[in-house]
Engineer: 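One structure, as structure tokens, below. Some questions next.
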There are 2 protein chains.
Amino acid sequence: MKTFLDCVPCFLRQTLAASRMATDNLETQEKILREVLTMAAGLSFSRTPVHMGRDIHRVIKKFSGNADPYWAAKQHFNDEVLKLYPELKQKVKASDHPFATAVRLAIAGNIIDLGIKMTKDDINLQETIADTLAQPFAINRLAELENAIKTARSIMYLGDNAGEIVFDRILIEELPRDKIIFAVKSLPIINDATLEDAREVGLTEIVKVIENGSDAPGTILEDCTEEFQKLFAQADLVIAKGQGNYETLNDVKRANVFFLLKAKCPVLARDLGCEIGSIIATCNNANDLKAGKTRVGNVKR
Amino acid sequence: MKTFLDCVPCFLRQTLAASRMATDNLETQEKILREVLTMAAGLSFSRTPVHMGRDIHRVIKKFSGNADPYWAAKQHFNDEVLKLYPELKQKVKASDHPFATAVRLAIAGNIIDLGIKMTKDDINLQETIADTLAQPFAINRLAELENAIKTARSIMYLGDNAGEIVFDRILIEELPRDKIIFAVKSLPIINDATLEDAREVGLTEIVKVIENGSDAPGTILEDCTEEFQKLFAQADLVIAKGQGNYETLNDVKRANVFFLLKAKCPVLARDLGCEIGSIIATCNNANDLKAGKTRVGNVKR
């Protein structure tokens with residue numbers, strides 16, 4: 001997905017929120033803001049918003065000297081969702097369709113996105129879980145995803161945020177685990193999950209976890225390690241979580257990339273043709289083009 | 001009031017909204033955005049937000065070739081509020097305290113601010129009128145204002161927006177009109193009232209109206225004509241409407257500048273120590289300093 005004019009004020013809003021997470025020094029916050037404004041003046045709108053997000057957070061980390069401003073927030077959400085784990089497992093177990101329920105929970109977990117929400121207090125987990133279990137999908141390609149899982153010999157699961165990966169663990173426990181490689185970011189970026197988080201929530205004990213080599217809040221393939229790129233290319237099926245992965249991989253030239261996410265910003269909601277707050281299970285453009293289909297789920301493209 | 005870091009994302013949001021008002025050409029919108037980003041990177045935070053607002057809208061007008069992007073919106077609100085005029089007059093007439101009711105209505109009219117609200121559809125006049133008549137003042141220095149009006153030999157009334165000036169007319173009709181000079185902007189800036197609007201709503205028939213010489217969405221004294229500056233200095237009392245006038249005149253070095261406004265943005269609400277949506281009748285810092293008072297209304301300074 002390209003960057004839209006509407007992304008620009010939001011980049012600045014994010015810059016300010018993240019600068020304040022990174023440092024209390026007002027002068028440093030101002031320096032960061034000026035640097036991002038200069039970068040934004042020369043911004044390439046043909047790149048994805050994730051490219052700019054990566055560059056903004058590099059500036060914040062460099063200027064503030066804080067390599068991991070969201071460390072405490074990540075801890076908080078890993079802990080909070082681990083506490084919910086038994087209750088969430090119970091919901092899946094008691095469900096008529098455990099796979100669909102586990103997918104819904106994995107999407108509910110996608111609310112834990114501090115790139116969009118300003119602080120952890122803006123996130124109401126229990127409310128989001130209840131809503132996400134009840135609301136209709138705005139785009140529902142779950143049946144295709146379920147089929148693709150059945151026939152896939154290898155599945156790459158691209159994680160998104162800390163805390164959210166506990167929800168992902170619950171979904172993965174409903175899938176053929178031995179076929180799955182779970183990917184996390186190599187360096188801290190916003191509250192995205194790293195290997196440390198995957199260890200903390202026990203993901204590394206149930207599935208193979210790799211780092212992708214990148215510090216972008218999505219999957220910019222050219223930023224990733226050769227090993228990651230190879231595994232990504234070879235996987236029969238990719239399950240990608242969250243807006244950042246959708247923004248960076250929707251136009252990727254391979255089939256069978258499925259996206260599970262909550263639409264949290266107006267630009268992405270418009271791109272998907274849905275309302276903010278919608279829950280989405282869709283797949284990438286090339287998948288449909290390859291199958292000779294016109295897009296079925298996304299109203300506006 | 002100085003510019004805060006939080007003003008920056010808002011400047012960009014306003015830039016985009018105003019660019020879209022000014023032109024449908026996406027390339028022009030992008031050019032405007034890049035120019036404003038470059039300006040913002042070098043922004044002086046010691047100036048008021050109104051200075052940047054003025055500069056942003058100069059860029060928009062220049063790049064789009066549209067000298068008055070809000071012309072239709074101004075017409076719309078002049079017409080809409082003129083329709084309400086009899087009903088509003090009736091409210092004042094039926095009131096136990098016509099002056100206070102007229103002040104409340106003048107503050108209600110301050111909601112018509114397209115620098116903050118994105119489009120005219122974001123403004124609900126009837127709801128705002130009802131709320132403003134009922135809600136307590138967050139800062140209430142109405143008694144002092146009423147006294148100052150009684151003793152003043154000359155009053156300068158600084159208008160704010162088109163449509164809003166119909167509400168101002170209702171307040172002015174409760175005041176000693178012959179002592180009042182009403183000031184409007186000389187050039188179109190956002191939806192601020194110009195001489196054309198003052199004529200349209202009949203203000204010119206009941207009071208002396210002058211142009212201030214400026215194209216800023218507030219009162220930057222050094223931008224104003226010598227005549228305006230002289231009248232401003234000589235007036236015994238200044239009644240200034242809206243956020244822009246508060247931002248530019250709160251630190252002015254003369255006594256008896258009163259502000260009537262609705263707090264519509266988080267930065268200004270924090271400066272005033274009130275909640276967003278509050279109604280405010282306050283006066284400038286120098287007024288209190290001269291009287292040897294500590295500030296009485298504003299919690300945080």
Side-chain angles (χ1 to χ4, degrees), chain A residues 2-47 49 52-53 55-56 59-60 63-64 69 114-119 121-122 265-267 270-271 276, chain B residues 2-47 49 52-53 55-57 59-60 63-64 69 115-119 121-122 265-267 270-271 276:
Chain A
K2 75 184 193 81
T3 300
F4 291 83
L5 295 179
D6 285 299
C7 298
V8 175
C10 189
F11 287 147
L12 275 305
R13 187 191 56 69
Q14 285 182 45
T15 300
L16 211 46
S19 304
R20 287 169 175 159
M21 279 278 199
T23 174
D24 290 332
N25 188 314
L26 283 171
E27 272 175 46
T28 308
Q29 291 169 6
E30 186 185 317
K31 264 173 74 178
I32 290 167
L33 200 61
R34 288 190 196 279
E35 179 71 15
V36 171
L37 285 162
T38 304
M39 276 165 39
L43 163 71
S44 162
F45 285 94
S46 61
R47 297 195 316 172
M52 184 68 175
D55 295 348
I56 287 172
V59 167
I60 292 169
F63 283 41
S64 71
L114 293 172
I116 292 168
K117 302 292 174 182
M118 300 287 275
T119 70
D121 301 327
D122 298 326
C265 93
V267 168
R270 197 173 51 208
D271 189 69
I276 289 185
Chain B
K2 74 184 192 79
T3 301
F4 291 83
L5 295 180
D6 285 299
C7 298
V8 174
C10 188
F11 288 146
L12 276 305
R13 186 191 57 69
Q14 285 182 47
T15 301
L16 210 47
S19 304
R20 287 168 175 161
M21 280 278 199
T23 175
D24 290 333
N25 187 313
L26 283 172
E27 272 175 47
T28 308
Q29 292 170 3
E30 187 184 319
K31 265 173 73 177
I32 291 167
L33 200 62
R34 289 191 193 279
E35 179 71 13
V36 171
L37 285 162
T38 303
M39 276 164 39
L43 163 69
S44 162
F45 285 94
S46 61
R47 298 196 316 172
M52 184 67 177
D55 296 348
I56 287 172
H57 288 276
V59 167
I60 292 169
F63 281 42
S64 71
I116 291 168
K117 303 291 175 182
M118 300 288 275
T119 71
D121 301 326
D122 297 327
C265 92
V267 167
R270 196 172 53 207
D271 190 68
I276 290 185

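Since we're looking at a predicted model, the values are computed, not measured. Every chain is numbered from 1, with letters handed out A, B, ... down the list of sequences.
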Engineer: Can you name the closest pair of heavy atoms from A/Phe45 and A/Phe4 and give their distance?
Structural biologist: CE2-O, 3.7 Å
Engineer: Donor-acceptor pair, distance only, cut-off 3.5 Å: does the side chain of A/Thr3 make one with the backbone of A/Arg47?
Structural biologist: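 Present.
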Engineer: For each of B/Gly42, B/Cys10, B/Ala41, tally heavy-atom pairs with chain A at distances under 4.5 Å, and name the one with the top tally.
Structural biologist: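 Looking at each option in turn, the highest pair count goes to B/Ala41.
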Engineer: Which residue out of A/Glu35, A/Arg20, A/Gln14, A/Gln29 racks up the most heavy-atom pairs below 4.5 Å with chain B?
Structural biologist: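 Result: the option with the highest number of such pairs is A/Arg20.
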Engineer: Take B/Val59 and B/Asp55 through the side-chain contact (heavy atoms from CB on, under 4.5 Å) test and state the conclusion after the steps.
Structural biologist: CA-CA 6 Å; B/Val59 167; B/Asp55 296 348; 5.8 Å; no
Engineer: Find the one option among B/Arg13, B/Glu30, B/Met39 whose heavy-atom pairs under 4.5 Å with chain A are most numerous.
Structural biologist: B/Glu30
Engineer: Less than 4.5 Å to any heavy atom of chain A: does that hold for the side chain of B/Leu5, its backbone, both, or neither?
Structural biologist: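 Both backbone and side chain.
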Engineer: List the atom of A/Thr28, the atom of A/Phe63, and the distance in Å for their closest heavy-atom pair.
Structural biologist: CG2-O, 3.4 Å
Engineer: Look up atom CG in B/Leu37 and atom CG in A/Leu12, then write down how far apart they are to the nearest 0.5 Å.
Structural biologist: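 Going from CG on B/Leu37 over to CG on A/Leu12, the span is 6.5 Å.
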Engineer: Out of B/Leu16, B/Leu26, B/Thr38, which one racks up the most heavy-atom pairs below 4.5 Å with chain A?
Structural biologist: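 Between B/Leu16, B/Leu26, B/Thr38, the count favours B/Leu16.
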